[in-house]
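Scroll down for the structure; my scribbles are underneath it.
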Amino acid sequence: MHGKRLRQIVFLSSIVTDQASKLAADKWLMHLGSLDVTGFFALTYAENTGISFGMLQGVDNRLLLALNALLTTALYAYWKRIERTGAPALESWSLSLICAGACGNIIDRILRGAVVDFLDFKFWPIFNLADSVITVGAILYLAGTLTHRKHDAA
C-alpha cells in the first residue's frame, strides 16, 4: 500500500480509536471512577480541563481550544506541505501521528469541554490514547531529526 495512503488511514484510525476508547470510558468508567487492573495500572476516569499533565487547570476551555486548534492546523498544514515536497517518511509519519492525537483531544474539548483521560500507571499523570499517539509521533520526530543531523554531519 502506498505510504501516503497508509498514513491517512492510520491518521483517521487513530482519531476513531481514540474517540471510541473515550466513549467506552464514559460508559463504563465514569460511574466507577477507577478500576484496578494490576498493582501498577488502573483504568481511572478523569476529565482534564487543562493541558498536558494537568497544567493550566481552570484556564477558559475556549482559549485552550482555540490555541490547540491553531497549533494543530499549522502543524497539519506543515505535514501536508512536506508530504508534497517528498520529505523523509519518518518525518511525515511523526507529524501525522501528532496531528491525529491533537485532533482527538480537540474533539473532546468541543464535545465535552475537557479531555477524557483513563490510562493510569499510578506513577505518571493519567492519559489517553490520543496522548499516546502524540508521544509516539514526537519520539519518531526526534529520532528522525537526530538521524538526519547525524547523517548530515557524516
Side-chain angles (χ1 to χ4, degrees), residues 1-38 41-57 59-122 124-144:
M1 181 176 287
H2 190 263
K4 194 174 193 179
R5 173 60 84 198
L6 183 58
R7 277 190 293 279
Q8 292 170 342
I9 291 168
V10 170
F11 173 80
L12 291 173
S13 298
S14 296
I15 295 169
V16 169
T17 303
D18 172 65
Q19 288 302 301
S21 69
K22 290 170 180 174
L23 286 173
D26 283 343
K27 182 173 182 167
W28 291 299
L29 281 177
M30 187 185 294
H31 68 281
L32 287 176
S34 187
L35 176 65
D36 233 15
V37 177
T38 69
F41 178 71
L43 296 171
T44 303
Y45 186 87
E47 292 182 354
N48 182 0
T49 60
I51 60 171
S52 300
F53 306 112
M55 296 183 296
L56 300 182
Q57 294 289 333
V59 172
D60 188 340
N61 182 57
R62 293 170 296 187
L63 176 63
L64 294 177
L65 175 59
L67 181 60
N68 195 340
L70 179 66
L71 291 172
T72 302
T73 301
L75 192 61
Y76 184 84
Y78 176 66
W79 167 38
K80 289 305 180 179
R81 184 171 64 85
I82 67 155
E83 268 203 344
R84 283 191 306 274
T85 62
L90 187 59
E91 185 176 5
S92 189
W93 272 106
S94 63
L95 293 172
S96 71
L97 292 172
I98 294 168
C99 287
C103 287
N105 285 338
I106 287 171
I107 292 168
D108 278 14
R109 287 198 185 282
I110 292 169
L111 297 179
R112 300 174 174 94
V115 176
V116 172
D117 292 326
F118 57 91
L119 299 171
D120 183 5
F121 280 94
K122 299 183 182 181
W124 193 259
I126 302 169
F127 60 99
N128 59 46
L129 293 180
D131 299 334
S132 299
V133 171
I134 291 168
T135 301
V136 169
I139 290 168
L140 288 175
Y141 191 84
L142 181 60

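All of these numbers come straight from a predicted model, not from anything done at the bench. For the single chain, residues carry numbers from 1 onward in sequence order.
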Just how far is it from atom SG of C103 to atom CD1 of I98, taken to the nearest 0.5 Å?
-> 12.0 Å
Please report the shortest heavy-atom distance between D36 and A42, naming the atom on each side.
-> OD1-CB, 3.6 Å
For L129 and S21, which heavy atoms make the closest approach, and how far apart are they?
-> CD1-OG, 3.4 Å
Rounded to the nearest 0.5 Å, how far does OG1 of T44 lie from CZ of F121?
-> 11.0 Å
Going from CG on L43 to CG on D117, what distance comes out if it is rounded to the nearest 0.5 angstrom?
-> 12.5 Å
Mind checking the OG-CG spacing from S96 to L75? Nearest 0.5 Å is all I need.
-> 10.0 Å
Apply the test side chain to side chain contact (heavy atoms under 4.5 Å, CB included) to residues N128 and N105: give CA-CA distance (whole Å), side-chain angles for both, the deciding distance (0.1 Å), then the verdict.
-> CA-CA 9 Å; N128 59 46; N105 285 338; 3.3 Å; yes
Is the shortest heavy-atom distance from the side chain of T85 to the side chain of I82 under 4.5 Å?
-> yes
Nearest non-hydrogen partners of I126 and A46, listed with the distance = CD1-CB, 4.2 Å
Side-chain donor or acceptor of E91 paired with backbone N/O of P88 under 3.5 Å | no
How far does CZ of F41 sit from CG of L35, to the nearest 0.5 angstrom?
-> 9.5 Å
Closest heavy-atom contact between A143 and L90?
-> C-CD2, 4.3 Å
Just by distance, do the side chain of T72 and the backbone of A69 share a donor-acceptor pair under 3.5 Å?
-> no
Within the side chain of N68, is there an N or O that forms a donor-acceptor pair under 3.5 Å with the backbone of I106?
-> no
If every non-hydrogen atom of I134 is compared with every non-hydrogen atom of A102, which pair is closest and at what distance?
-> CD1-N, 3.6 Å
For K80, check side-chain contact (heavy atoms from CB on, under 4.5 Å) against everything at least two apart and list the hits.
-> Q8, Y76, E83, R84
Could you check if a side-chain atom of D131 sits within less than 4.5 angstrom of a side-chain atom of L119, using non-hydrogen atoms only?
-> no
When you measure from the side chain of W93 to the backbone N and O of R7, does any donor-acceptor pair fall under 3.5 Å?
-> no
Kindly write out the residues that satisfy side-chain hydrogen bond (donor to acceptor under 3.5 Å, both in side chains) with D108, not counting sequence neighbours, or none if the list is empty.
-> Q19, K22, R112
Is there a donor-acceptor pair closer than 3.5 Å between any side-chain N or O of N61 and the backbone N or O of R109?
-> yes
Where do I107 and I110 land on the side chain to side chain contact (heavy atoms under 4.5 Å, CB included) test, with the steps shown first?
-> CA-CA 5 Å; I107 292 168; I110 292 169; 5.7 Å; no
Nearest heavy-atom contact between L140 and S94 is CB-CB, 3.7 Å
What's the spacing between L70 CG and L65 CG if we round to 0.5 Å?
-> 11.0 Å
Partners passing side-chain hydrogen bond (donor to acceptor under 3.5 Å, both in side chains) against Y45 (at least two apart in sequence or in another chain) | D26, E47
